Amino acid sequence: QLMGQQLGMGNREKNLAAYFQIEQCIIVPGNLDKQSRVITDLSRATYETLDFLLPDGKNIIAVMGGTTMAAVANRFDENLSRNRELFFVPARGGLGESVEIQANSISAKLAEATGGKNQALYVPEQVGKETYGFLLKEPSVKKTLDLIKKANCVIYSIGDASHMAQRRGLDNEILALLEDNAAVAESFGEFYNAEGEVVYKIPRIGMQSSKLTTIPSVIIVAAGESKAEAIKAYMKNAPSQTWLITDEGAANQILKGI
Ligand code: G3H
């Protein structure tokens, strides 16, 4: 309500939130695919949402990676730490992204911008099951995983399935599986069909999507007309406490079809 009123787009936001059965939706003007300035409003809305939702005192905020999250992180400042102690952690281990858009980097960036703390999760991409078992017992890995378990807020984005499959460098067998199962969305290292069902999961340590329902503040930032189908699919089963921050490009496209 707060943001919706400020941005003067209450009705569409209410309709979208009701359709997805989520707590709140914020629609910023424009279409990110065509206007890069939209990211500024998305960032501001994300910042304001956090400022509105996060309680005073200690907060553990788990973040995922991606270009949206990297851009959003640029707008954060120390004011968010007023009356709060902020601890940022990457929600999951590496997902084959380039360094600057990995969850580890975003988490570090947010901690630096807000004067908060950061706990990295250093786990290599390609390790066998046995090595993984050992890694999980490593004190630094364990420390991060314990923090992730206690997170009271999580922020992440949603991507188009085929775009994300390419970017994450998945092999041909998996690409075929995604096609056979009509994957349209990707989030959290998981691929979803149009019904919002998981059809493939990249096995990585850290927060699992099944845990999302127990986290008090879930914030999703995903925008641009090209992401409309992916957002619509993923949001079908999104946790009810979710705040979705999007733009007119995606929202109008979704609202057209409902
Ligand atoms: O899981 C979804 C992706 O992280 C979204 O990535 O923000 O670069 O589109 P993006």
Side-chain angles (χ1 to χ4, degrees), residues 26 28 30-43 45-47 61-76 88-107 109-110 121 125 154-170 174-175 178 183-193 196-212 218-239 242-247 249-251 253-254:
I26 297 166
V28 306
N31 175 6
L32 183 61
D33 295 341
K34 298 205 171 111
Q35 299 139 321
S36 54
R37 61 162 177 79
V38 171
I39 200 72
T40 308
D41 286 340
L42 288 169
S43 310
T46 307
Y47 182 92
I61 303 161
V63 299
M64 284 297 284
T67 56
T68 313
M69 287 299 300
V72 161
N74 283 333
R75 313 294 302 182
F76 278 59
F88 293 91
V89 281
R92 290 190 71 182
L95 287 162
E97 300 275 37
S98 53
V99 173
E100 64 279 11
I101 60 167
Q102 280 174 13
N104 265 316
S105 313
I106 314 284
S107 176
K109 202 168 167 181
L110 285 167
L121 181 61
E125 274 299 297
V154 58
I155 319 174
Y156 59 102
S157 189
I158 301 167
D160 165 74
S162 55
H163 177 79
M164 294 308 298
Q166 302 285 340
R167 202 171 85 190
R168 301 219 194 281
L170 302 181
I174 306 293
L175 294 180
L178 293 176
V184 292
E186 189 270 3
S187 191
F188 245 80
E190 295 178 345
F191 288 84
Y192 298 81
N193 64 17
E197 297 157 344
V198 177
V199 295
Y200 176 70
K201 184 172 171 162
I202 301 174
R204 288 291 175 271
I205 63 167
M207 189 184 284
Q208 305 301 315
S209 62
S210 53
K211 168 90 197 302
L212 289 171
V218 175
I219 300 166
I220 299 177
V221 192
E225 194 177 343
S226 60
K227 282 194 178 183
E229 202 190 354
I231 295 171
K232 190 175 171 185
Y234 177 83
M235 292 305 297
K236 288 210 167 132
N237 292 318
T242 299
W243 282 53
L244 171 68
I245 299 164
T246 189
D247 66 359
Q253 189 67 20
I254 297 167

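This is a predicted model, so every value here is computed, not measured. All values below were derived from every heavy atom in this structure, side-chain atoms included, with hydrogens, water molecules and symmetry-related copies excluded. Remember, it's 1-based here, ligands and their atoms both numbered in the order they're listed.
Atoms of ligand 1 lying under 4.0 Å from at least one heavy atom of Thr68, given by number and element, are 7 (O), 8 (O), 9 (O), 10 (P). Set against the non-hydrogen atoms of Ser187, the atoms of ligand 1 under 4.0 Å away are 1 (O). Less than 4.0 angstrom separates some heavy atom of Gly65 from each of these atoms of ligand 1: 4 (O). Interface atoms of ligand 1 facing Arg168, defined by a heavy-atom separation under 4.0 Å, are 1 (O), 4 (O). Heavy-atom contacts of Lys227 reach the following atoms of ligand 1: 5 (C), 7 (O), 9 (O), 10 (P) (cutoff under 4.0 Å).
Residue contact check for ligand 1: Arg167 places a non-hydrogen atom closer than 4.0 Å to it. Proximity of Met164 to ligand 1 is established by a heavy-atom distance of less than 4.0 Å.
A salt bridge links Arg168 with Glu186: the distance from a Lys NZ or Arg NE/NH1/NH2 to an Asp or Glu carboxylate oxygen falls below 4.0 Å.
In this structure, the protein non-hydrogen atom closest to atom 10 (P) of ligand 1 is Thr67 OG1, 3.3 Å.
Contact annotation: for Ile158 versus ligand 1, heavy atoms closer than 4.0 Å belong to the backbone alone. Heavy atoms of Glu186 found under 4.0 angstrom from ligand 1 belong to the backbone as well as the side chain. When heavy-atom distances to ligand 1 are checked against a 4.0 Å cut-off, Glu190 has no atom that comes that close, whether in backbone or side chain.
Of the N and O atoms on the side chains of Glu190 and Ser209, at least one donor lies less than 3.5 Å from an acceptor on the other residue. Counted by atom type alone, Asp160 and Ser162 present one or more donor-acceptor pairs between their side chains at under 3.5 Å.
The local environment of CD in Glu229 is sparse, with at most 12 non-hydrogen atoms from other residues, nucleotides or ligands closer than 6.0 Å. When the shell of 6.0 Å around NZ of Lys201 is examined, it contains more than 12 heavy atoms from other residues, nucleotides or ligands.
The two residues Ile231 and Ala223 come nearest to each other via the heavy atoms CD1-N, 4.2 Å.
Using the six-membered ring where Trp is involved, Phe191 and Tyr200 have ring planes that are tilted, between 30° and 60° apart.
Atoms CE and OG, from Met164 and Ser157 in turn, are 8.0 Å apart once rounded to the nearest 0.5 Å.
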